[in-house]
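The sequence lines fix the lettering, A, B, ..., with proteins before strands; numbering per chain opens at 1. Predicted model only: the values in this text are computed from it and were never measured. Every heavy atom of this structure was used, including side-chain atoms; hydrogens, water molecules and symmetry mates were not.
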Amino acid sequence: MKLIINGKAEQLPEGMSAAQLIEHLDLTNERLAMEVNREIVPRSSFESHILAADDQIEIVRAIGGG
Amino acid sequence: MSTVMKPTTPTSADPLMIDGVAYHSRLLVGTGKYKDMDETRLAVEASGAEIVTVAIRRTNIGQNAGEPSLLDVLPPDRYTYLPNTAGCYSEADAVRTCRLARELLDGHNLVKLEVLGDEKTLFPDITQTLSAAETLIQDGFKVMVYTNDDPIVARRFEELGCVAVMPLAAPIGSGLGIRNPYNIRTIVENASVPILVDAGVGCASDAAIAMELGCDGVLMNTAIAGAKDPVLMAAAMKKAIEAGRESYLAGRIPRKRFASASSPVDGTFF
């Protein structure tokens, strides 16, 4: 299925959970927050949240800024 | 003979209170524009700041391996993170950013709200900022708001329930210093929440002037990060904030047009 992750299209297996996506992206130990279709998915729900084709996903972190 | 007076340092006797939390440092610093994470850490340490602002941005997918993160060099158990909404030009983007920040920082709800109106000046869009502040406060956020140096607007933000109001001294990153000291003074006099100058400071004397006007603190980024020696400037800013605060508390002498001698006139023998 196609997912849009941080603005870029990626092909990923059907039925992937948010937790599996994070693992796939090698972000397991990163402090991050995720939105799927503009709704925040809490980290506590990553395991149970199953992604669907064409989901728009944003994964954000804290960086230097004023 | 006489008892030795223990100096009362602002750090012990005079905390900055934001939403019921006491901070020893009245200098808040941004973490952007540094050469690398090492310089960021050294400058923040030299500044003595306890509250640091951060931006919320997309994670670089596939480019993270081994890259040190801000949270590693400035551990959140040691610093109070103040996520900002920099780069937001609408209420919707600012609110979305704050909600992501809260999730990212495990429910931490203190945020720096800024909704910009114009790329050239980075002046705030006040109508958008007001409505964003209202939405965020209703959603449980503690809002420290970047605004212009308008006393009427500053009062509106306080009435809305912002925990701190942060007027600009001059445009963000401009280093022009306090362009409208009388307005800053008026904002301070009207307020019962902390007033922090946010943006526009260029050098240590600017920071001291903000504190002498009665501001509760100063938030700055570029003045430190953009200095030739950011770590040294951070140390200078720390001293300027402390000196300015003490000067304000001590109460300056009135300005007079003519001289008044410091040495007694009586007892001269010539």
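With chain A as partner, the option from Thr222(B), Val29(B), Thr31(B), Leu219(B) having the largest number of non-hydrogen pairs under 4.5 angstrom is Thr31(B). When each of Asn221(B), Val54(B), Thr53(B) is scored by its heavy-atom pairs under 4.5 Å with chain A, the top score falls to Thr53(B). Looking only at heavy-atom pairs under 4.5 Å with chain B, the residue among Val41(A), Ile59(A), Leu25(A) that has the most is Ile59(A). Heavy-atom pairs under 4.5 Å with chain B peak, among Val60(A), Ile40(A), Leu32(A), at Val60(A).
Using a 4.5 Å heavy-atom cut-off against chain A, the contacting residues of residues 101-117 of chain B are Glu103(B), Leu104(B), Leu105(B), Asp106(B), Lys112(B), Glu114(B).
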Criterion side chain to side chain donor-acceptor pair (under 3.5 Å) on Thr59(B) and Glu30(A), from CA distance to verdict: CA-CA 9 Å; Thr59(B) 301; Glu30(A) 301 290 324; over 6 Å; no
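Surrounding CD of Glu23(A) are at most 12 heavy atoms belonging to other residues, nucleotides or ligands under 6.0 Å away.
Using a 4.5 Å heavy-atom threshold, the side chains of Val95(B) and Phe141(B) count as separate. Under the 4.5 Å side-chain criterion, counting only non-hydrogen atoms from C-beta, Ser47(B) is not in contact with Met237(B).
Although no hydrogens or angles enter the test, the distance criterion places a donor-acceptor pair under 3.5 Å between the side chain of Asn148(B) and the main chain of Asp150(B). Without hydrogens or angle criteria, Glu50(B) side chain to Ser25(B) main chain gives a donor-acceptor distance under 3.5 Å. Counting only distance, with no hydrogens or angles, the side chain of Asp216(B) and the backbone of Ile195(B) share a donor-acceptor pair below 3.5 Å.
A distance of 8.5 Å separates CE of Met34(A) from CD1 of Ile5(A), quoted to the nearest 0.5 Å.
Only the side chain of Leu71(B) comes within contact range of chain A, judged by heavy atoms closer than 4.5 Å.
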